[in-house]
S.K.: 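Okay, handing you the structure first.
In the text below, chain A, chain B and the rest are named by the order of the sequence lines, each starting its count at 1.
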Protein chains: 2
Amino acid sequence: MAIAGKETPRERYRAQLRAEIKQHAWEQIAAAGAAGLSLNAIAKQMGMSGPALYRYFAGRDELITELIRDAYRSLADTIRATADSGADLAGLGHALRAWALDDPQRYFLIYGTPVPGYHAPDDITMIASEIMDALLDAAQPGGTPADTPGDSRLEAHLAEHRGWAANHPAPPAALRRALLFWTRLHGILSLELAGQFTGMGLDPAELYTSELRHLTR
Amino acid sequence: MAIAGKETPRERYRAQLRAEIKQHAWEQIAAAGAAGLSLNAIAKQMGMSGPALYRYFAGRDELITELIRDAYRSLADTIRATADSGADLAGLGHALRAWALDDPQRYFLIYGTPVPGYHAPDDITMIASEIMDALLDAAQPGGTPADTPGDSRLEAHLAEHRGWAANHPAPPAALRRALLFWTRLHGILSLELAGQFTGMGLDPAELYTSELRHLTR
DNA sequence: CGCCTTCGTTAGAAGTTATAACTCGATCGC
DNA sequence: GCGATCGAGTTATAACTTCTAACGAAGGCG
């Protein structure tokens, strides 16, 4: 992005085709999930035949990893942009839900069922901690002190096990808030996106905002 | 189960072989996830070749559906047995976590990333509501009334949208407790099983029991 | 004892990922 | 401008997968 225009036409074409491949991949994933993604089908859709895609991605796994990276990047940018626009933790919560509902399978690419063997590359875990940082920033103000014995016990644990927030000056109360923000909202969101609430007759948004109110009270 | 012994030896053999197939399937799923399950590989492991398995399952989808059914059945039995042994909501929470840690992929078969097209058969949703019933039973006693305006608003919503608990006499406060039990614990559990906490240096069990204390306070 | 159901086999179609070898066109250096 | 080189896309092929079809062989049942 910094020094543009220095790219050869070949690199332009290559980048453009890579993007086009990923575009088709996202459509397939939205339709049939990540397990139903087929390189062959993408190639057919693009009018070229099979192995041509291997010029652009080493294989199916690399394509999926790239999509996971993009998903993380998109979430991190969304969270960061929302935070920079002055939103509080509640604002982040609503932004998270909107982002998830916008493309459920993209959410599941990040937080869904993992493949036992798979380990994300380091740069992806960097983005993940970037997200956590933004959460910790937003969890700072209005730091509600522990209001139950259970809360303070958790805060004590977090005060001693804060490796994940080592570079962040947030106090234990903020650590606890950020963590609960993550786990509680993910709990509702993942069940909602998986359709576990359908047929129950309740409104997930009501549950979600209730938890959000509780967290930012 | 009721009138046993009336089965022909063929039916016995058939049931035994079906069970053996499922056993190998579980091992494969534990090793490579549901996406990595291969009928062919199972057949090879059992010393028979390929299409023989189609005598016992109509196809890969039916086998997976059967495994999902068994997973639900196992969870429902575990929850019900724990509840019948006099455990309270906290006891159910610990039983749930133990059950999930015992076989993470089995947990993900129920609560993991859904395949967009898939709809569970009715008998499976019956088991799901059986689980919810046990939760509602346990959420009954010690029904903490709403202690924040947000809580009471959620309870008001649940009082009017209680289709999922239509056959259960639990008051709105119990509905809320059971629901939060489900979503909050699932949030932590699914992130833990997915390995999202690894490298963070915190103990998921601490977080889990903290939420559990909070729910049963 | 004979029939008949059911099991397990091999053969094959249609799909997938992925590699190898090759052609052709564009780009780059001279 | 011209030749050499690099890279895109092709087809062919191997090794998988699910799943159907047709066949042989073994068992249980009347």
S.K.: Taking A/Glu211 first and then B/Arg184, would you say they form a salt bridge - that is, a charged N and a carboxylate O separated by under 4.0 Å?
M.R.: yes
S.K.: How would you label the contact of A/Phe57 with the nucleic acid (heavy atoms, under 4.0 Å): base, sugar-phosphate, or nothing?
M.R.: nothing
S.K.: Taking any atom under 4.0 angstrom from a heavy atom of chain B, which nucleotides of DNA chain D are the first and last to qualify, 5' to 3'?
M.R.: D/dT17 to D/dC29
S.K.: Using a cut-off of strictly less than 4.0 Å between a heavy atom of the residue and any atom of DNA chain D, enumerate the qualifying residues of residues 12-35 of chain A by number.
M.R.: A/Tyr13, A/Arg14, A/Leu17
S.K.: Is A/Asp122 atom CG crowded by more than 12 heavy atoms from other residues, nucleotides or ligands, each under 6.0 Å away?
M.R.: no
S.K.: Heavy atoms only: give me the nearest A/Ala100-A/Leu193 pair and the separation to one decimal.
M.R.: CB-CD1, 3.9 Å
S.K.: Find the distance B/Leu53:CG to C/dT6:C1' and express it as a whole number of Å.
M.R.: 16 Å
S.K.: Should we count CD of B/Glu160 as having more than 12 external heavy atoms under 6.0 Å?
M.R.: no
S.K.: In whole angstroms, how far is the C1' atom of C/dT9 from the CE atom of B/Met48?
M.R.: 11 Å
S.K.: Could you state the OH-C1' distance from B/Tyr54 to C/dT9, rounded to the nearest angstrom?
M.R.: 15 Å
S.K.: Do the rings of B/Tyr208 and B/His94 sit parallel, tilted or perpendicular, given the 30° and 60° boundaries?
M.R.: tilted
S.K.: Taking atom CD of A/Glu20 as the centre, report whether more than 12 heavy atoms of other residues, nucleotides or ligands fall under 6.0 Å from it.
M.R.: yes
S.K.: Below 4.0 angstrom, N of the basic side chain to O of the carboxylate: do B/Glu11 and B/Arg14 qualify?
M.R.: no
S.K.: Could you tell me if A/Thr65 and A/Tyr118 have a donor-acceptor pair between their side chains, going purely by distance under 3.5 Å?
M.R.: yes
S.K.: Keeping A/Arg106 on the side-chain end and A/Ala71 on the backbone end, is there a donor-acceptor pair under 3.5 Å?
M.R.: no
S.K.: Do the charged groups of A/Arg73 and A/Glu130 touch, with an N to O distance under 4.0 Å?
M.R.: yes
S.K.: Between B/Asp61 and B/Arg55, which has a closest nucleotide on DNA chain D that is more 5'?
M.R.: B/Asp61
S.K.: Produce the list of close N/O pairs, under 3.5 Å, pairing protein atoms with atoms of nucleotides 12-16 of chain C; give distances to one decimal.
M.R.:
from: C/dT16; atom 1: OP1; to: A/Ser38; atom 2: OG; distance (Å): 3.4

S.K.: Just verifying a value: how many Å separate A/Glu192 CD and A/Leu202 CG, rounded to the nearest 0.5 Å?
M.R.: 9.5 Å
